[in-house]
Number of protein chains: 2
Amino acid sequence: MSNIKGKGHCQSCQIRHLSIFAQLPIDRLVEIQVFQPSVVVYAPDETVYHQGDSALNAFTLRKGLIKLTKTLPNGRTQIVRVLRTGDLFGFDGFANEPYNHTATPLSEIEVCRLPLGELMELKKQNPEIENTMMRRWIQHLREAEDMMLELGAKKAPERLASFLIRWCEGTGGSWVVLPLSRGEIGELLGLTIETVSRFLSDWKRQGFLNEQRGSIQIQDVDGLRKMACASGNC
Amino acid sequence: MSNIKGKGHCQSCQIRHLSIFAQLPIDRLVEIQVFQPSVVVYAPDETVYHQGDSALNAFTLRKGLIKLTKTLPNGRTQIVRVLRTGDLFGFDGFANEPYNHTATPLSEIEVCRLPLGELMELKKQNPEIENTMMRRWIQHLREAEDMMLELGAKKAPERLASFLIRWCEGTGGSWVVLPLSRGEIGELLGLTIETVSRFLSDWKRQGFLNEQRGSIQIQDVDGLRKMACASGNC
DNA sequence: CGCACCCTTGAATTGTATCAACTCTGGTGG
DNA sequence: CCACCAGAGTTGATACAATTCAAGGGTGCG
């Protein structure tokens with residue numbers, strides 16, 4: 001089961017600069033030190049919450065990666081987002097709604113569990129928090145729109161190529177950890193495991209990219225980019 | 001060209017109860033009456049703003065329907081959202097980002113143009129506005145996630161059927177205006193105009209639904225619902 | 001009336017899923 | 001240390017879904 005590691009102390013938090021408390025002035029941090037959210041650890045075979053659960057806590061991801069998924073009654077699954085360190089998630093309760101998706105670790109993770117009531121109070125009293133959260137919601141919305149374009153208007157190789165390029169963005173051709181199985185990449189892009197496997201194999205053979213147990217390296221971004229937009233230059 | 005109809009007066013606004021100012025107490029309305037956003041009219045062949053434009057204004061839709069679209073360089077287009085009366089849109093500026101999509105009327109429309117700076121100020125001074133906006137962003141995010149599931153995990157007939165059911169939700173089998181062409185439905189669901197046409201024709205022949213110049217009527221919701229989930233009950 | 005535009009329908013083509021067999025890898029226990 | 005196993009990935013053959021191409025029909029408008 002999940003494991004409460006202890007209480008978090010925002011003042012000394014290593015990842016505060018990535019969190020919704022990033023913009024908060026130091027003196028406010030001292031004042032809110034009564035706020036000590038639980039730091040919780042989950043294994044990859046657990047879930048942080050399930051779609052439909054009532055949303056009593058929001059969370060900040062401290063370590064590892066999380067996938068947010070939605071599942072149809074017939075079992076088909078869609079990954080709607082992959083979270084990284086500092087991301088806030090599970091805030092549906094702010095709109096009085098139950099969680100709209102399931103949060104599952106992609107590796108051992110550590111999260112900061114923020115009780116909704118307390119977070120609401122902090123937000124009310126600290127405009128910086130409010131502001132940072134707003135910015136992030138708008139940013140998420142933009143990313144969601146981008147994803148809809150990917151899913152609705154692109155073909156398999158285009159989706160896969162632009163996913164890989166985005167994943168490795170800004171790493172200048174070096175090795176990047178990609179802790180997603182073929183099946184999970186498929187669930188993210190609306191493709192089957194076989195289709196993902198075929199294109200990856202193809203591209204490895206063509207020398208566009210390299211792979212080694214859970215890490216990839218893009219060797220020819222332009223080659224991949226051509227795949228990402230078979231007709232027209234995206 | 002677009003046409004400024006005059007200045008808006010929040011106090012006497014007919015659709016205020018649908019807007020982000022819905023929760024604002026009457027006395028605050030009196031205080032903010034210096035805030036007089038422009039009411040602007042657009043024809044269906046214009047756009048309110050383009051993807052990439054710098055986002056200087058947010059808008060509230062007063063009359064008509066709007067589609068928000070994203071377009072790939074090769075011309076393929078995705079509708080990411082259809083707006084209804086009261087919806088707030090074009091708020092990317094809050095995150096210092098340019099508009100992420102293009103806003104196009106589906107009919108003659110009337111919008112309330114809210115200069116970003118003034119709206120920001122109002123929001124700061126009125127927690128009710130802040131709160132309503134937050135709720136809506138979260139709601140939008142949830143809808144976007146739902147749409148990703150539709151696009152990524154469902155087949156053509158399932159997408160189309162559940163779109164129709166959603167569109168006519170709560171109207172109990174009566175006629176509903178559907179001012180989207182076959183092509184636009186296709187752009188929304190990631191399908192071609194022909195595919196949309198084929199299924200609609202089929203279902204009309206089977207008596208699941210009826211259509212008459214721009215309006216539809218669902219005659220057999222359960223029949224449609226079966227289409228919406230070929231394998232499993234959604 | 002005739003033209004434009006949207007919609008419909010059919011036939012051919014292509015992309016992706018499905019089905020099935022096989023390989024590779026890491027881990028476990030003898 | 002090796003044999004074995006389970007799980008993930010690969011690859012090929014086939015089926016099917018949806019697009020593409022093409023032609024024709026309907027409706028509203030100048």
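Chain naming here is simple, since letters A, B, ... match the order of the sequence lines and numbering starts at 1 in each.
- In terms of polar N and O atoms assigned as donor or acceptor, the side chain of A:R213 never comes within less than 3.5 Å of the base of C:dG26 in a complementary pairing.
- The base of D:dT19 has none of its N or O atoms less than 3.5 Å from a complementary donor or acceptor on the side chain of B:R76.
- For the pair B:K154 NZ and C:dA17 C1', the computed distance is 19 Å after rounding to whole Å.
- With rounding to whole Å, A:E211 atom CD is found 13 Å from C:dC24 atom C1'.
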(request) Before giving the answer on side-chain contact (heavy atoms from CB on, under 4.5 Å), spell out for A:L88 and A:M133 the whole-Å C-alpha distance, their side-chain angles and the decisive distance to 0.1 Å. (result) CA-CA 8 Å; A:L88 179 73; A:M133 288 177 77; 3.8 Å; yes
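- Cation-pi contact between A:R84 and A:W167: present, with separation from the ring centre below 6.0 Å and deviation from the ring axis of at most 45°.
- Among the protein residues, B:G190 comes within range of the sugar-phosphate backbone only, with heavy atoms under 4.0 Å from sugar or phosphate atoms but none that close to a base.
- Taking atom CG on A:L151 and atom C1' on C:dT16, their separation rounds to 15 Å, with Å as the unit.
- A close approach under 4.0 Å does occur between a side-chain nitrogen or oxygen of B:K204 and OP1 or OP2 of C:dT8.
- The side chain of B:A156 lies closest to D:dA18, out of D:dA18, D:dT20, C:dT18.
- Between the CG atom of A:L178 and the C1' atom of D:dG9 there is a distance of 14 Å, given to the nearest Å.
- Protein atom CG of B:L160 is 16 Å distant from nucleotide atom P of D:dA17, rounded to whole Å.
- Residue A:R205 is classed as a sugar-phosphate contact, given heavy-atom separations below 4.0 Å to backbone atoms only.
- If you check every strand for non-hydrogen atoms under 4.0 Å, B:S181 touches sugar and phosphate atoms only.
- Between A:R81 and A:D87 a salt bridge is recorded (basic side-chain N to carboxylate O distance below 4.0 Å).
- You'll find a donor-acceptor pair under 3.5 Å spanning the side chain of B:R198 and the base of C:dG10, going by distance alone.
- Computed from coordinates, the B:L191 CG to C:dG15 P distance equals 17 Å when rounded to whole Å.
- Looking at B:T192 and B:T195, their side chains do bring a donor and an acceptor atom within 3.5 Å of each other.
- When distances run from any side-chain atom of B:S197 to the nucleotides C:dC7, D:dA18, C:dA17, the shortest one goes to C:dC7.
- Below the 3.5 angstrom threshold, one finds a donor paired with an acceptor across the side chain of A:E194 and the base of C:dC19.
- OP1 or OP2 of D:dT10 sits under 4.0 Å from a side-chain N or O of A:R182.
- At whole-Å resolution of the value, CH2 in A:W203 and P in D:dT10 are 13 Å apart.
- Centroid-to-centroid, the aromatic rings of B:H101 and B:F89 stay 6.0 Å apart or farther.
- When distances are taken from the side chain of B:F199 to each of C:dG26, D:dA18, D:dT20, the shortest belongs to D:dA18.
- A:L200 comes within 4.0 angstrom of no nucleic acid atom, judged by non-hydrogen atoms across all strands.
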(request) Tell me, with the steps shown, if B:E145 and A:M147 meet side-chain contact (heavy atoms from CB on, under 4.5 Å). (result) CA-CA 10 Å; B:E145 288 176 352; A:M147 200 61 199; over 6 Å; no
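- Residues A:R159 and B:I193 each lie close to DNA chain C; by heavy-atom proximity, the contact nearer the 5' end of the strand is made by B:I193.
- In this structure, CD of A:E158 is placed 11 Å from P of C:dG15, rounded to the nearest angstrom.
- Heavy-atom nearest nucleotides on DNA chain D were determined for A:K155 and for A:S201, and the one closer to the 5' end corresponds to A:S201.
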